[in-house]
Amino acid sequence: MSRTRLERIFIPSIDVSRAATSETARLAAAQDIDRACREAGFFLLTEHGLGGLLEDVWNTSQSFFALPEHIKRSCRPSTGSMLGYRPPRSLRASTSSAPDSPFDLKELFSIGNDRPCQAVETTYPEYYPVNVWPDQLPAFRTALTDYFAAMRSLVGVVGRLFELALGLPDEFFAARSHDQLSMLATIHYPRLEEEPEPEQLRFGAHRDRSCFTILSTTAAGLQVQDSTGHWHDVPFEPGALIVNIGRMLSNWVSGRWTAPMHRVVLPTDTTRATEPRQSLAFFYSPDPGVNLEPLFGPAADDDHRPSSPTVADHMRSMLGLYQ
């Protein structure tokens, strides 16, 4: 596995296929993941076997975002739902310190796990809204649904490495992910056709609320902030997946791993500014009733600890983001 040193930040590339070849390789990968999640909260996954499926999602997403505006807006969700279409200049980074900060230069379409078991759906109905789809693009629905399923499988692979890195029991994450509250967003950053507002970004600085995120993107631009407040480019490797830790997991492991502040900046050169950028973000969160009491005792820095101890309580803050 290759390593990238960004001053005080360590962001390794983990070869998924190699990590599966032996216990020694798996332990080495877990050790690098542990170090990366302590220092940066980011690492990369290569040789994951999802290249063809990613291509399908990129192509069908381009077709969706190229649809007339009125068709895309017909996929707007019901009030309060986190799913469906969000047009440009309608969202800003949820953890922005300034409520009047500029809107992000992006549009997105998101889906969730809308097929939980009946008992869970009855207990937590607000967390499982029905996905909204455009009738005009059945291939788009197929590609995103297949990718969501592939991400659920990959969560199992990542979870096993996390268990080894953290000293948790086998199947710790799998046993808590049958009705997971995960969400998949396909994000389109349009080409820049007008001058942005001061301090406007493609995606403003934020920490993810979920457990962890598995991201794929078509271009550089993602940055992570270190503990001193300096920003660093996250390495861009075509075809690689990028994993970052969210506040839920950071709290759950008693602050052992960091939930990094990150952002997507505007391109600085003319060529990249005229090219759109795409990302796929799978936000993994376990089953809603899972207890999130810190696993290793109280964290030294509890600024982002959830006020209540379940996944549902932690995620409830997200329900108000889309009113």
Side-chain angles (χ1 to χ4, degrees), residues 13 16-17 44-77 82-91 104-115 130-155 157-158 182-193 202-203 213-222 234-244 264 266-267 269 271-284:
S13 292
V16 176
S17 61
L44 276 61
L45 292 176
T46 62
E47 303 303 321
H48 44 71
L50 298 176
L53 184 53
L54 273 169
E55 192 69 23
D56 290 343
V57 180
W58 292 139
N59 292 336
T60 57
S61 292
Q62 288 175 0
S63 298
F64 172 78
F65 290 116
L67 288 172
E69 193 67 20
H70 73 277
I71 295 179
K72 290 188 291 185
R73 287 180 180 269
S74 71
C75 298
R76 290 291 297 272
M82 297 178 285
L83 308 181
Y85 175 67
R86 296 288 168 177
R89 300 179 184 272
S90 65
L91 294 173
D104 292 341
L105 296 175
K106 66 176 187 286
E107 59 180 332
L108 62 83
F109 181 92
S110 56
I111 65 171
N113 176 18
D114 63 354
R115 294 185 178 180
V130 176
N131 290 319
V132 184
W133 299 100
D135 295 333
Q136 295 83 356
L137 288 176
F140 179 59
R141 177 173 186 166
T142 299
L144 262 65
T145 301
D146 288 349
Y147 190 78
F148 192 99
M151 286 295 99
R152 291 189 61 157
S153 296
L154 187 59
V155 162
V157 176
V158 175
S182 298
M183 184 173 72
L184 171 65
T186 177
I187 308 169
H188 176 231
Y189 302 94
R191 60 176 55 87
L192 301 180
E193 297 179 343
R202 281 182 155 170
F203 204 133
T213 302
I214 304 176
L215 178 76
S216 177
T217 188
T218 60
L222 179 62
V234 174
F236 171 67
E237 295 183 17
L241 300 175
I242 303 168
V243 180
N244 69 270
V264 178
L266 300 175
D269 60 271
T271 300
R272 287 177 56 206
T274 59
E275 297 176 350
R277 181 180 187 272
Q278 287 184 255
S279 291
L280 279 171
F282 184 81
F283 302 98
Y284 163 72

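Residue indices begin at 1 and follow the sequence shown.
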Distance in Å, Leu53 CG paired with Leu280 CG, rounded so as to fall on 0.5 Å steps: 9.0 Å

Answer yes or no: is there a side-chain heavy-atom contact under 4.5 Å between Leu50 and Leu154? yes

Answer yes or no: is there a donor N or O on one side and an acceptor on the other, between the side chain of His48 and the main chain of Gly239, under 3.5 Å? yes

Set of side-chain contact (heavy atoms from CB on, under 4.5 Å) partners for Pro138, sequence neighbours left out: none

For a 4.5 angstrom cut-off between non-hydrogen side-chain atoms, does Leu108 reach Leu91? yes

Nearest 0.5 angstrom please: Thr213 OG1 to Leu184 CG, how far? 11.0 Å

Quick one: does Arg202's side chain have a donor or acceptor within less than 3.5 Å of a partner on Pro190's backbone? yes

Identify the two heavy atoms, one from Pro235 and one from Leu44, that lie closest to each other, and give their separation to 0.1 Å. O-CD2, 3.8 Å

Would you call Leu45 and Ile242 a side-chain contact if the rule is heavy atoms closer than 4.5 Å? no

Minimum side-chain heavy-atom gap Leu215-Ser279 below 4.5 Å: yes

Approximate separation, where rounding is to 0.5 Å, of Ser90 OG and Arg73 CZ: 7.5 Å

Given side chain to side chain donor-acceptor pair (under 3.5 Å), test Ser13 with Glu237 step by step and report yes or no. CA-CA 9 Å; Ser13 292; Glu237 295 183 17; 2.7 Å; yes

Less than 4.5 Å apart, any side-chain heavy atom of Leu222 and any of Phe236? no

Please, which pairs that meet side-chain hydrogen bond (donor to acceptor under 3.5 Å, both in side chains) have at least one residue in residues 55-66, sequence neighbours excluded? Ser61-Thr186, Gln62-Gln278

Is Leu83 close to Asp114 at the side-chain level, that is, under 4.5 Å between some pair of heavy atoms? no

Spatial distance of atom CZ (Arg277) from atom CG (Leu192) [nearest 0.5 Å]: 11.5 Å

OG of Ser182 to CZ of Arg152: how many Å apart, nearest 0.5 Å? 7.0 Å

For the rings on Phe140 and Phe109, is their centre-to-centre separation under 6.0 Å? yes

Non-hydrogen side-chain atoms of Met183 and Ile111 separated by less than 4.5 Å: no

Does some side-chain heavy atom of Ile214 sit less than 4.5 Å from a side-chain heavy atom of Val155? yes

Could you check whether the rings of Phe203 and Tyr189 sit parallel, tilted or perpendicular, using 30° and 60° as the cut-offs? tilted

Under the side-chain contact (heavy atoms from CB on, under 4.5 Å) test, which residues partner Arg141, sequence neighbours left out? Trp133, Thr145

Rounded to the nearest 0.5 Å, what separates atom CZ in Arg89 from atom NZ in Lys106? 12.0 Å

Would you call Lys72 and Glu107 a salt bridge, taking side-chain N to carboxylate O under 4.0 Å as the test? yes

Can any side-chain N or O of Asn131 pair as donor or acceptor with the backbone N or O of Gly112 at less than 3.5 Å? yes

